[in-house]
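Below is one structure, written out as structure tokens, with a few remarks after it.
None of these values were measured; they are calculated from a predicted model. The chains referred to below are lettered A, B, ... by the order of the sequence lines, with proteins before strands, and numbering in each begins at 1.
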Amino acid sequence: MASTIQPRLFKGCRDALPEDMIPRREMLEVMTRIFETFGFAPVETPAIEFLDILLGKYGEEGDKLIYPLAYKGGRTLALRYDLTVPLSRLVAMHPELPRPFKRYQIQPVWRADRPQPAQGRYREFYQCDVDTVGSPSLMADAENVAVCYRVYEALGLLDDEAGLVMRVNNRKLLRVLVTAAGLDADQDKTVCTALDKIDKIGREKVAAELDEKGISADATHRLFQLIAVSEENGGRPTATLEALRATLEGVPGAGEALDEMAALFDGLAALDVPDERLRFDLVLTRGLDYYTGPIYEFQLTGLASFGSLGGGGRYDDLLSIYGVGDIPATGVSIGLSRVQSALVKLGRLESRKSPTRALVLHLEDVPQTTSLRLATRLRGEGIPTEVWFEPSRFKKQIQHAVKLGIPFVLIQGPDELERGVVQVKDVRQGRQVEVMESDLADHLRSAD
RNA sequence: GAGGAUGUAGCUCAGUUGGUUAGAGCGCCAGGUUGUGGCCCUGGAGGUCGUGGGUUCGAUUCCCAUCAUCCUCCCCA
């Protein structure tokens, strides 16, 4: 006897059961509809990319999280880490694509993280990306945020219990702040990764980390003062913007960065994204290296420890790596898997185990082909129908419907057949009515 | 990558201060009731006590290692 194989999954990967897939499909319908409303066109890329296509784009930390694949003795391949870099590669390979190229893409990505289900963190998860390649306009960035806003709105995440917040900032502005604090502009990455943690670990620990990295206490102090501006103004776009204009007057580059933010907020207003939803947050930095301009990240205040539900930004320099010259681009990603986990955690997801609306019960005296004919008629009317195949007791058949959440069971024995009727039992309420065969489809459609 | 906790039935967990055949609830299967589920009753299946080693007359229990899972941090979706 051959030894058995233990069925198991790689850490951080999950199966999606019907009760997961049914709501997911509904979410996908909502998303694709909204994406297409904005004029984004669908695209897919392979799960596997050459390793050098991916390396060096995400930063030191990001590179470590790329899954390399062993192939023919080498490690030249990898699973994609996000959808932005594969998109850049795709655009570089297709110079004929009319620009601006607006595309959306919904596919899984893989990260060699430590999984933490409670925070919605997995190694394999779905991203839904929307990008505009070939336009430097801040209006494209505004659309990124707006399209996400519409999705979260449609999924019901705007109420106080969920508390969606859309944080926005700008890499250029961060560089300005770094210089304004008396530091070298290229120290911005070091500073940013430290600053990013300020909400979680507090000022003192961030100061300690900066000290370790060789940043003077004086510069750190000035940085903290500058960054406090957004918090002091509650992150309100206009107030924060005005305060920064005053604070950063005369600082080189400050005008351009703040003009960008002003344009972004104007665009968002025109796209009907309410101001109250936005937080101009100078602490937001984002870890990926490729961002160059506006950046954004979306979270739920109702699930504070939960990871972000989406984020993105402008990456004007990424395409040039593939030797196609300077092509500006900006994009955003919604974490489908994480959004779904969040909805589950909030108890918002009604999950069915089957799409079936009616189950035709098996009766001893009725040939199976008769049941199949009934099912075929209903299916032709668009009613999801299944047939019980075994000669089981009614108890078992009805229980099956209950377990799967099938609302109706249909009983048609010799007597009903002769009279051209069907017994329709609503297993949720236990009510049973006799319905003419000709009215059956309408009855099943409307009854609820 | 850093730190912490936990592994006993499909699930949630008892338990053995080291002692024969390891328990409960829920779930599952069958029957009571083969044209009507949910309640009730009866019976049944299901466990290498995570794995390997050590101590011991004897280990699920004590010790060591290992693996797995979960949590916190980091980072993000």
Among [options], which nucleotide has an atom closest to any side-chain atom of [X]?
X: E364(A); options: G35(B), C29(B), A77(B); result: G35(B)
X: K11(A); options: U69(B), C28(B), C70(B); result: U69(B)
X: K396(A); options: G38(B), A30(B), G35(B); result: A30(B)
X: D113(A); options: G35(B), A77(B), C71(B); result: A77(B)
X: R114(A); options: C74(B), G38(B), A2(B); result: A2(B)

Across the strands shown, which category fits [X] at heavy-atom distances under 4.0 angstrom: base, sugar-phosphate, nothing?
X: P391(A); value: nothing
X: Q397(A); value: nothing
X: G430(A); value: base
X: E124(A); value: nothing
X: G413(A); value: base
X: L309(A); value: sugar-phosphate
X: Q423(A); value: base
X: R428(A); value: base
X: L361(A); value: nothing
X: R111(A); value: base
X: S337(A); value: nothing
X: Y122(A); value: base
X: P115(A); value: nothing
X: E61(A); value: nothing

Would the base of [N] count as contacting [X] through its side chain, where contact means a donor and an acceptor less than 3.5 Å apart?
X: K425(A); N: U36(B); result: yes
X: Q432(A); N: U36(B); result: yes
X: E60(A); N: G1(B); result: no

Between [atom2] of [N] and [atom1] of [X], the distance in whole Å:
X: Q107(A); N: A77(B); atom1: CD; atom2: P; result: 17 Å
X: E390(A); N: C29(B); atom1: CD; atom2: C1'; result: 16 Å
X: M166(A); N: A77(B); atom1: CE; atom2: C1'; result: 14 Å
X: F306(A); N: A77(B); atom1: CZ; atom2: P; result: 14 Å
X: K395(A); N: C40(B); atom1: NZ; atom2: P; result: 11 Å
X: D82(A); N: A77(B); atom1: CG; atom2: P; result: 8 Å

For this session: Look at Q340(A) and A77(B) and indicate whether a side-chain polar atom (N or O) is within less than 4.0 Å of OP1 or OP2.
Result: no

Exercise. Does the side chain of R393(A) get closer than 4.0 angstrom to OP1 or OP2 of G31(B) through an N or O atom?
Worked result: yes

Exercise. If we only count heavy atoms from C-beta on, is the D289(A) to E60(A) side-chain gap below 4.5 Å?
Worked result: no

For this session: Search all heavy atoms of L226(A) against all heavy atoms of L177(A) and return the closest pair with its distance.
Result: CD1-O, 3.6 Å

For this session: State, to 0.1 Å, how close L51(A) and R75(A) come at their nearest heavy-atom pair, and which atoms those are.
Result: CD2-O, 3.2 Å

Pairing check on [N]: which nucleotide meets the Watson-Crick or G-U wobble criteria with it, both distances under 3.5 Å?
N: A5(B); result: U69(B)
N: G31(B); result: C41(B)
N: G18(B); result: none
N: U61(B); result: none
N: G47(B); result: none
N: A24(B); result: U12(B)
N: U36(B); result: none
N: U56(B); result: none

Exercise. Quick one: does NZ or CZ of K57(A) land under 6.0 Å from the six-membered ring centre of Y290(A), within 45 degrees of the ring axis?
Worked result: no

For this session: Taking the six-membered ring of Y122(A) (Phe, Tyr or Trp), confirm whether the NZ or CZ of R14(A) is under 6.0 Å from its centre and within 45° of its axis.
Result: yes

Problem set entry | Check: Y149(A) ring centroid to F298(A) ring centroid under 6.0 Å | no

